[in-house]
Amino acid sequence: ANNGHDTTTVPFSITVRHINQPPTFQKGADVVVDENAGEVIREGWATGVTVGPSNPADLVLNFDVSADKPELFEVQPRLVASTATASARLTFTTKPYMNGVAWVTVFLMNSGASDPPDNNKSPTQTFQLTIRPVNQAPAFTLGPDVAVLQNSGLVRRAAYASGISAGPSNELAQSLVFTLTPANPALFMLPPAIDAASGDLTFAAVPNVNGQTSIAVCLKDNGGGSDTTCKNMNLAILAVNQPPVAALEPEVKVAMNSAAFSQVGFLRDVAPGPANENTQQIVSVTCAIPEISRSLFLVEPRIALGTYTLTFTLAKDALGDVPVTVTIADNGGRANGGIDSNAFKFTIRIMGVNRAPTFVPGPAITVMQGSLPYNALWASQVSPGIAAEGSQVVSFNVTSNRPELFATVPAMDSQGYLTFALKAAAFGVAQLTIVAVDNGGTANGGVDRSEPVTTTITIRQINQMPT
């Protein structure tokens, strides 16, 4: 009243302070990569990335990312937000040869205030990151190329393959098998093989075969995927000349004093060696006999190259067994320990041909009627034949055309002594036939008795006194 003033206007301001709202994002799908994937980048993995409702656009966003198995990663997982695209890029780098499943926890923060009632942190989200195992190829190192001599038999090269591994340490339990594939398998009787535990290389070539081949060597594990590693090696079987071959009879029989000997093709089946040496040539054939036997021949044994004809000529009255060594040689050489000659043996058996015994007969014999028994050397120079028959024994066959004249019929010992005894009052002329006989036999046309020799025994009658 009375124009009074009962109110006063006082201005003041009311500030409605902005409360920082939590940022937002939507995680992407669970992530699956292969072992040894290396650096992985997933653009736009997280979507709906914002600084928060009604928050200033200039707030800075940062993700907090943690994995429960950090050992799986060379570079840990991280998210980089882009407000321009409202998304976030996921990156990480796997650790070599590691695999497994990691749970990754993620939340997003903005640069706004964090004290209540402000909130700069989004709700936590988790996702699964799987690193799938990928089998790694096995590994090994081969030794140098292999060269062996022909006919070496079973060959073993210890630890020829080294550094044998199924892969990294997490694959050591896998099993391993070597497979060897030669380009020329016909070279082998026992195919090449490598033991996965020891690395030993074994093989056996076909006898009398040589050549070379490449071999694919593959090592396989049982891990699947990339499970095989292959390398190449070379194997050479070096030619070694094998000795020439031939066949012959072990014995050649000839009669003493026979004509010159000749047998075509005495050596049979002559070859420079096995079939793979059939381009070689036989270049020489020689015969050797002991020095002591050389006097038994006018022409010593020899075998002609090509026809392989054996020839020789015996010396007069030669007798005995002669060992002969035949050496044949080819032109295959002696490289790598090769053998270019071979020796074969046979015997020349010179069989004795018995010669007739001989003697010098004595004169005709005259004795008186009633004489005492006769015993005297009648045959001289008694011989069984030639000198080589000196060991033979000579006897005499004595026959008479008048055996009635004798009380003991005539006989002769091996020394030539003639013996007989007359009957009382016997007289007359008896003809004796005497033949010398030795014990050399008649084999090979031999003669064991002399020509008959005749002589006479005259028994002179003594005139008796008349009565």
Side-chain angles (χ1 to χ4, degrees), residues 33-40 69 71-75 93-100 131-242 276 334-338:
V33 297
D34 289 333
E35 180 182 315
N36 293 332
E39 182 182 23
V40 177
K69 291 185 178 177
E71 68 274 10
L72 297 178
F73 303 97
E74 196 96 292
V75 177
T93 301
T94 62
K95 187 172 287 187
Y97 307 116
M98 295 294 289
N99 59 75
I131 303 174
R132 293 182 302 194
V134 175
N135 186 36
Q136 305 303 309
F140 65 96
T141 299
L142 290 176
D145 289 342
V146 176
V148 298
L149 298 180
Q150 177 181 317
N151 294 332
S152 291
L154 177 64
V155 176
R156 180 182 298 276
R157 291 291 174 88
Y160 178 72
S162 59
I164 301 170
S165 170
S169 58
N170 63 338
E171 297 180 3
L172 296 183
Q174 294 177 6
S175 62
L176 294 169
V177 176
F178 274 104
T179 300
L180 278 67
T181 306
N184 187 2
L187 292 176
F188 302 99
M189 177 172 64
L190 178 66
I194 295 178
D195 180 74
S198 65
D200 291 357
L201 168 67
T202 56
F203 64 89
V206 174
N208 299 319
V209 168
N210 56 75
Q212 58 184 12
T213 182
S214 61
I215 301 176
V217 181
C218 294
L219 178 62
K220 182 176 181 179
D221 63 35
N222 63 343
S226 180
D227 61 357
T228 303
T229 298
C230 292
K231 298 182 179 183
N232 284 315
M233 62 172 287
N234 293 307
L235 191 152
I237 301 168
L238 304 178
V240 178
N241 187 29
Q242 302 302 303
N276 66 329
R334 300 180 181 179
N336 302 319

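L235 contributes atom CG, which lies 4.5 Å from atom CD1 of I215 (distance to the nearest 0.5 angstrom). Summarising the geometry, atom OG1 belonging to T213 is positioned 9.5 Å from atom CE belonging to M233; distances are rounded to the nearest 0.5 Å. The line from CG of L187 to CD1 of I237 is 4.5 Å long, rounded to the nearest 0.5 Å.
The side-chain hydrogen bond (donor to acceptor under 3.5 Å, both in side chains) pairs that include a residue from residues 163-181 are N135-Q174, S175-N222, where partners are two or more places apart or lie in different chains. The stretch residues 217-241 participates, sequence neighbours left out, in no ring-ring contact (aromatic ring centres under 6.0 Å, His included) pair at all. Applying the disulfide bond (SG atoms under 2.5 Å apart) rule to pairs touching residues 138-228 yields C218-C230, sequence neighbours excluded. Listed by first and then second residue, the ring-ring contact (aromatic ring centres under 6.0 Å, His included) pairs that reach into residues 219-242 come to none, sequence neighbours excluded. Pairs engaging residues 132-169 under the ring-ring contact (aromatic ring centres under 6.0 Å, His included) rule: F140-F178 [sequence neighbours left out].
Closest approach of A37 and V33 over heavy atoms only: CB-CB, 4.2 Å. The two residues L201 and P192 have their closest heavy-atom pair at CD1-CB, 4.4 Å. Here the shortest heavy-atom pairing between D221 and L176 reads CB-CD2, 3.6 Å. Scanning all heavy atoms of the two residues, the minimum distance from N276 to Q150 falls at ND2-OE1, 4.0 Å.
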>> What verdict does the side chain to side chain contact (heavy atoms under 4.5 Å, CB included) test give for M98 and E74, after you've listed the backbone C-alpha separation in whole Å, the side-chain angles of each residue and the deciding distance to 0.1 Å?
In response: CA-CA 10 Å; M98 295 294 289; E74 196 96 292; over 6 Å; no
> Could you go step by step and tell me if R132 and D34 meet the side chain to side chain contact (heavy atoms under 4.5 Å, CB included) rule?
Replying inline: CA-CA 5 Å; R132 293 182 302 194; D34 289 333; 2.8 Å; yes
>> One pair to check against side chain to side chain contact (heavy atoms under 4.5 Å, CB included): R157 and V148. What are the steps and the verdict?
In response: CA-CA 11 Å; R157 291 291 174 88; V148 298; 3.6 Å; yes
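Counting only heavy atoms from C-beta outward, the side chains of I194 and L142 approach each other to under 4.5 Å. Contact annotation: the side chain of L180 never approaches that of F203 to less than 4.5 Å [non-hydrogen atoms, C-beta and beyond].
D200 places a side-chain N or O within donor-acceptor distance of the main-chain N or O of A159, the cut-off being under 3.5 Å. Counting only distance, with no hydrogens or angles, the side chain of S214 and the backbone of N234 share no donor-acceptor pair below 3.5 Å. Checked by atom type and distance alone, the side chain of T93 never pairs as donor or acceptor with a backbone atom of V75 at under 3.5 Å. For the pair N36 (side chain) and Y97 (backbone), a donor-acceptor distance under 3.5 Å is present. Not one N or O on the side chain of N99 forms a donor-acceptor pair closer than 3.5 Å with the backbone of V134. A distance-only check finds no donor-acceptor pair linking the side chain of T229 to the backbone of L219 [under 3.5 Å].
Applying the side-chain hydrogen bond (donor to acceptor under 3.5 Å, both in side chains) test to N208 and every residue at least two apart in sequence or in another chain returns N151.
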